[in-house]
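Just so it is clear, the values below take in all heavy atoms, side chains as well, and ignore hydrogens, waters and symmetry mates. Below, chain A is the first sequence line, B the second, and so on; all start at residue 1.
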Number of protein chains: 2
Amino acid sequence: MEKKQNTLFVGSLAKGLRLLRAFDETHTELSLGDLAQRTGLDKSAVQRLANTLHIEGMLDKDPITRRFRPSHAWLELAYAYYWSDQLVGQAIPKLIDLSQDLGETVNLAELSGDHIIYVSRLPCKRTYFAATVIGRRLPALSTSGGRAMIATFPPEEREHAIRTWPLKVFTPQTTLDRDSIRDSINTAVRKGFAISSGQMILSEIGVACPITGPSGRAFAAVQCSVSAHLWTPERVEAEILPRLQDTANAISPSSQAHRH
Amino acid sequence: MEKKQNTLFVGSLAKGLRLLRAFDETHTELSLGDLAQRTGLDKSAVQRLANTLHIEGMLDKDPITRRFRPSHAWLELAYAYYWSDQLVGQAIPKLIDLSQDLGETVNLAELSGDHIIYVSRLPCKRTYFAATVIGRRLPALSTSGGRAMIATFPPEEREHAIRTWPLKVFTPQTTLDRDSIRDSINTAVRKGFAISSGQMILSEIGVACPITGPSGRAFAAVQCSVSAHLWTPERVEAEILPRLQDTANAISPSSQAHRH
DNA sequence: TTCAGCAATATCATAATATGATACTTCACA
DNA sequence: TGTGAAGTATCATATTATGATATTGCTGAA
């Protein structure tokens, strides 16, 4: 079978993780066959691995359909994550204040490679389900939060990100033109925040401020989403931005190292 | 080494999962030695497994302290979980409405064995960090949500739960007396909701309504927490309960099977 | 600076463990 | 009742994980 590098690598464990990652927003319930297909693993291997994950409580098994689903243990992992991320503990009370103050949806996003990931979300109004779920990963270049963070990078890195980081179409308005993304980020460099419209969801305006530590480089951002039917970018800048910026400034990451 | 049952069980995978579970609220950053100690695994095994988890992106490694931490992938798993749990999608918009309406913290709890697990939390006021984190598991008998659910069980099962399910002290007011818990649950049977005081946090009042499907048996509950300094149980029942109950009734689980 | 002590990392012969082909069973649907 | 697809069980084989040991690198004390 495929030889995975050296003796410090446990292949069976890696394969088991592939089963877990086979589940996503469109694959919520998978049979053995589905799992084999999605992971590219042998039928017997999937059988054994899935059985192990089931016994260990990582997968629920529907007794009638025999299909597997993520178990509550997946939420327990998120629980452990939250305690390990100091920034979240720092930020949560201030985000609550902000969301109550603004009456609009407030998010905490962290940089995760070339994507952002929503770590905390406080919905204040009905929105799409996808806008309420934590753990969502989006291309950093396409989000106000990502642009706000990239704007804090040194120029060469900034340019490298603009040139090479991935893009993906979400709405007809999603910008795939890297030059206009560069303009947007340059504006963020000057102004200290980023605004975007309709990138992820049509008629949605996003505004974000970076959370910068002593180094000046941001690994996280506070973001606010509002409806373009009720707001204009100008009003967002006038009414939302000041408090958003105060909140971002008040959340200073404690001195310890950050994930990269 | 320890022989784990049959040939349908992949020991290495199970061991890898043990590493993941070694992280919790008080163990947020673990060295190889820590991991070996907490999992009871051999030093070499831990080295290989942790290395694998790191390569696969499940553990972040601090380059200077060499210690491991949960990675963003743990949130991605939560993300996948949310899409797989139909109840959450059903409930979220209604919970948002409710929290805006009440101006108080609202939670969605599901039954997970003999514990409840918080699946969705909408904090409206500053609270303890622990009260904002999803994935928290608590003994069902000690929470208003758990009692509300148990109250929907057939009498024998109810009694079995009251007699055997675990209890744990969280505050000086946490009830360890199963007779008084039985009283509380019996009240919930009659009234259709449960109220508790100071069980998890001092000076906190919790009120919960079960979410019942066609079978009449609940696997989830909507719960609201308020400060005992500002509320009395009577006022909670008069002012919060009606809207809480409406919300719980409006969230009917779709017909598919539930995790057990 | 040197040294001691500890933890992380690398190596390797061994056999235990995962492998995957195959056969059996169950279930859904015709 | 029959057919096919999917889940389940078995087993001989050698690949893969094992864990003892050696090496390296780091931290703090002398």
Let me know the distance between [atom1] of [X] and [atom2] of [N], rounded to the nearest Å.
| X | N | atom1 | atom2 | answer |
| --- | --- | --- | --- | --- |
| A:N51 | C:dT17 | CG | C1' | 16 Å |
| A:R48 | D:dG7 | CZ | C1' | 15 Å |
| A:Q37 | D:dG7 | CD | P | 12 Å |
| A:Q47 | C:dT19 | CD | P | 12 Å |
| A:D42 | D:dA6 | CG | P | 16 Å |
| B:F68 | C:dA7 | CZ | P | 15 Å |
| B:K43 | D:dA22 | NZ | C1' | 10 Å |
| A:L8 | D:dA22 | CG | P | 18 Å |

Phosphate OP1/OP2 of [N] contacted by [X] side-chain N/O (<4.0 Å):
| X | N | answer |
| --- | --- | --- |
| A:K61 | D:dG7 | no |
| A:K15 | C:dT19 | yes |
| A:S12 | C:dT17 | no |
| A:R66 | D:dT8 | yes |
| B:S44 | D:dA20 | no |

Worksheet entry | Atom pair OG/NE2 of B:S142 and B:H115 - distance to nearest 0.5 Å | 8.5 Å
Worksheet item: Rounded to the nearest 0.5 Å, what separation is found between the CD1 atom of B:I55 and the CG atom of B:N51?
Response: 4.0 Å
Item to complete: Please report the C-alpha distance between A:R21 and B:E56 in whole Å, then the side-chain angles of each, then the deciding distance to 0.1 Å, and finally whether the salt bridge (charged side-chain N to carboxylate O under 4.0 Å, His left out) criterion is met.
Response: CA-CA 11 Å; A:R21 287 199 260 256; B:E56 292 294 311; 3.2 Å; yes
Worksheet item: Do A:R38 and A:D24 meet the salt-bridge criterion of a basic N to acidic O distance under 4.0 Å?
Response: yes
Practice prompt. In plain terms, say whether A:R217 and A:E157 are close enough for a salt bridge, that is, a side-chain N and a carboxylate O under 4.0 Å apart.
Written response: yes
Worksheet item: Taking C-beta and beyond as the side chain, do A:R67 and A:D34 meet within less than 4.5 Å on heavy atoms?
Response: yes
Worksheet entry | Side-chain donor/acceptor contact of A:R67 with base of D:dG7 under 3.5 Å | no
Item to complete: Kindly calculate the angle separating the two end axes of the helix from C:dT1-D:dA30 to C:dA30-D:dT1, each obtained from five base pairs, and round it to 10 degrees.
Response: 50°
Discussion item. The criterion is side-chain contact (heavy atoms from CB on, under 4.5 Å); which residues satisfy it with A:P93, sequence neighbours excluded?
Written reply: B:R126
Worksheet item: If you pin B:L13 and B:L32 to their nearest nucleotides in DNA chain C, which one's is more 5'?
Response: B:L32
